[in-house]
2 protein chains.
Amino acid sequence: MEMDERKTRILEAIIRNYLETGEPVGSRTISRYEDLKLSPATIRNEMSDLEEMGYILQPHTSAGRIPSDKGYRFYVDRMMADREKEVSDMQEMVVRKADQLSELLKQVAKLLAANTNYAAAISSPQIHRNKLKFLQLSKVDEGSLLAVIVVEGNIIKNKIIPTSSEMDNETVLKLNLLLNTNLCGLSLEEINLGLITLIKERAGIHSDIVASAIDAIAEAITAEEDLEIYTSGANNIFKYPELADNEKASGIISTLEEKNQLKEIISESLALDNDNGHAIQVYIGHESQIESMKDCSVVTATYELEDGMRGMMSIIGPKRMDYEKAAKTLKKLQEQLDALYKKT
Amino acid sequence: MEMDERKTRILEAIIRNYLETGEPVGSRTISRYEDLKLSPATIRNEMSDLEEMGYILQPHTSAGRIPSDKGYRFYVDRMMADREKEVSDMQEMVVRKADQLSELLKQVAKLLAANTNYAAAISSPQIHRNKLKFLQLSKVDEGSLLAVIVVEGNIIKNKIIPTSSEMDNETVLKLNLLLNTNLCGLSLEEINLGLITLIKERAGIHSDIVASAIDAIAEAITAEEDLEIYTSGANNIFKYPELADNEKASGIISTLEEKNQLKEIISESLALDNDNGHAIQVYIGHESQIESMKDCSVVTATYELEDGMRGMMSIIGPKRMDYEKAAKTLKKLQEQLDALYKKT
DNA sequence: ATTAGCACTCATTCGAGTTGAGTGCTAATA
DNA sequence: TATTAGCACTCAACTCGAATGAGTGCTAAT
């Protein structure tokens, strides 16, 4: 069967209506739409077709129809393609620049949630191109050295390195010089085994410290593990009856709280984003691959702070969420974050 | 009216029973307890008294009785005073030492929640006595210095300080020496205005950098703002029907997610803890002063990592939670955390 | 002081009946 | 041939009353 103009309009009417009410919508309701002058019976025939094609479904006989995931997908794709939505009529959201990045992110999450009435999550930015910029070992007390590592983008990492033997200041100075001259400006790929062994040789009896320091550097540059995720507005899901029953709510809440699963979808979405600019992604139901999210939709967008520091923010709501508003809100904050750091 | 031995036993029986079942308990149920050989009628008379005294209440006529907050308080106080509970028969919980403190805390929160089936929260440790241990300025690039500050307990803070004029290495070295010799080993109180002006004088044209550095130190030592809270097992509250209805659940979830209110109770509890060793605190219903927690109880305990680093962990469950288990679980983890850092 | 007995209360459960929104099919219509 | 009116049918949701049973308070007997 083919999708024609009229079917499209009917499907869109069904979805629109369902987005508003959350109730299955019947043929009579649609026939009342002024612009398509059709009797309920005709609508019913079309609906029957649409159901067969998989765009809508009936919760049970003698109920109206609700959109299927495929139906939502159709709707969202059309809406997104429609035009580059202008983000003018939005309520003003002001992001204050905070001195702690984590504070800024928490603030953004809160704004997202408060403006949409859905749940929101935001990830800390991931560094993209990262080279070691600066390294410093300092003696903190008798048994330990402090390694401070600065990578491109002024990301700072600290690591305490225990020392077996007592060290004098001069040795520390020498090690600093050795490490800095050999490693500064290099990326992870460029610090290879040959280079490491060379440095260790030169360090003599202190090769173990060099090893620890290099470990710390590797950790700082990859920075895999410190993908932090901040959430807000989890309680908003209770506003949508179709998500508010205990089992579903429990699943969603725990997904938001134990962030591991979120990390996956975020990593994936970040990767995807490389291809197509800063587009907004929509995951409907099962598309997010997270079991507990099968009744939710997730709208995601990347943001970019300074060059190469890219993170993800997302809005999590029921499938019948206002996709347009979600997308607009994300875009708005994307712009704000952009402006915040680019201007300086 | 007076509380006598028999009333006490009946009250305890009522509460015990209610803790198990979550259902109002009637006179017949209690009369079946072997150890107090009384007919339902007698029990009823006593219950009537207990109700008048405010220890129990009836959800409605012709229902059994449930404990009031006062009743719970009575029970908890007796239980706590009973004896120093041994923590032997607990399931083993192993806390791995993690190199990131935040990882450790998340782990502990998870353990608390998983072992009790309640929600759990843990705060990052607050530094108690804190002196500056070590300070280091380093040139990161042309326009900025990196200040690394280590305070007692090896807490490390970083701060980028922008410099107006270009600086050579020697000046940085001098400033380092100046700051370290004058400030190391001092606490917040000891760094007074006199000292600061003295240092600024000696720094000459670089007094602005000294000012920034001292600001950073103050921030690091007080460290008020970075009281982080990690939660786990929020979804557990859905296991208790009396908390699982939308409104209540929503309130609790949002309290756990937006951590502000938790911070208050934690600060308070930390302060209280100064007086009476490492006792376990119980807040029943309204006692926690948090509106959304009025149907919950919160059991809290402090933990101590290294000297002076004290934080709070708490278990949040329904009023009819297994207080004994909660207390034991907290104690167990208290010991584990102790052992983890004291031993080294 | 305790208990047995009894009348009373009231939330909960169950099933039957009703309602109403919605469907699919068929035959009439444009 | 596409659309529509008409009609029988389905089924979730609601209402209502009866039955159930756990629990109470009171009174009189032990």
Side-chain angles (χ1 to χ4, degrees), chain A residues 1-11 13-15 17-18 20-68 71 241-242 244-245, chain B residues 1-11 13-18 20-68 71 241-242 245:
Chain A
M1 207 166 324
E2 268 304 291
M3 196 71 177
D4 60 16
E5 161 71 14
R6 196 170 71 179
K7 280 193 174 53
T8 305
R9 291 180 65 182
I10 290 175
L11 176 55
I14 293 171
I15 296 182
N17 203 281
Y18 185 71
E20 269 178 42
T21 64
E23 298 287 311
V25 2
S27 51
R28 262 186 66 96
T29 316
I30 300 302
S31 83
R32 272 195 292 268
Y33 275 73
E34 286 161 23
D35 50 347
L36 30 87
K37 286 167 184 157
L38 291 172
S39 77
T42 316
I43 307 275
R44 277 204 289 283
N45 289 330
E46 294 288 41
M47 280 171 134
S48 176
D49 290 354
L50 284 168
E51 182 162 13
E52 201 178 323
M53 292 155 79
Y55 289 104
I56 53 180
L57 38 84
Q58 263 182 307
H60 55 83
T61 0
S62 92
R65 306 302 217 286
I66 61 174
S68 67
E242 68 267 44
D245 79 284
Chain B
M1 203 167 325
E2 269 303 292
M3 198 70 178
D4 60 15
E5 161 73 14
R6 196 170 70 179
K7 282 193 174 50
T8 306
R9 292 180 64 182
I10 291 176
L11 176 55
I14 293 171
I15 297 181
R16 280 252 162 66
N17 204 281
Y18 185 71
E20 270 177 43
T21 65
E23 299 286 313
V25 4
S27 52
R28 262 186 65 95
T29 317
I30 300 302
S31 83
R32 272 197 290 271
Y33 275 62
E34 286 161 23
D35 49 348
L36 29 86
K37 285 165 185 159
L38 292 173
S39 77
T42 315
I43 307 275
R44 277 204 290 281
N45 290 329
E46 294 287 43
M47 279 169 131
S48 176
D49 291 354
L50 284 169
E51 182 162 14
E52 200 178 326
M53 291 155 80
Y55 289 104
I56 53 180
L57 38 84
Q58 262 181 309
H60 55 84
T61 0
S62 92
R65 306 303 216 285
I66 60 173
S68 67
E242 67 266 44
D245 80 283

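In what follows, every chain begins at residue 1, and chains take the letters A, B, ... in the order their sequences are listed.
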Nearest heavy-atom pair of [X] and [Y]: which atoms, and what distance?
X	Y	value
Tyr18(A)	Glu23(A)	CD1-O, 3.0 Å
Ile15(A)	Gly71(A)	CD1-O, 3.4 Å
Pro24(B)	Ile66(B)	CA-CG2, 3.7 Å
Gly64(A)	Pro59(A)	O-CD, 3.4 Å

Residue from Arg44(A), Lys7(A), Arg65(A) passing salt bridge (Lys or Arg N to Asp or Glu O under 4.0 Å) with Glu51(A)
Arg65(A)
Starting at atom CG of Asp4(B), determine the distance to atom P of dA1(C), rounded to an integer number of angstrom.
12 Å
Judged by atom type as modelled, is there a donor-acceptor pair below 3.5 Å linking the side chain of Gln58(A) to the main-chain atoms of Ala63(A)?
yes
Donor-acceptor contact present, side-chain Ser68(A) to main-chain Leu57(A), <3.5 Å:
no
Among Ile14(A), Asp49(A), Thr8(A), Leu11(A), which residue satisfies the side chain to side chain contact (heavy atoms under 4.5 Å, CB included) criterion with Tyr55(A)?
Leu11(A)
Residue matched to dA28(D) through Watson-Crick or wobble contacts both under 3.5 angstrom:
dT3(C)
For dT10(D), what is the paired nucleotide under Watson-Crick or G-U wobble rules, both distances under 3.5 Å?
dA21(C)
Which comes earlier along DNA chain C counting from the 5' end, the contact point of Asn45(A) or that of Thr29(A), where each point is its nearest nucleotide?
Thr29(A)
Taking any atom closer than 4.0 angstrom to a non-hydrogen atom of chain A, what span of DNA chain D does the protein reach, first nucleotide to last?
dT3(D) to dA12(D)
Near DNA chain C, under 4.0 Å by heavy atom, which residues of residues 47-64 of chain B?
His60(B), Thr61(B), Ser62(B)
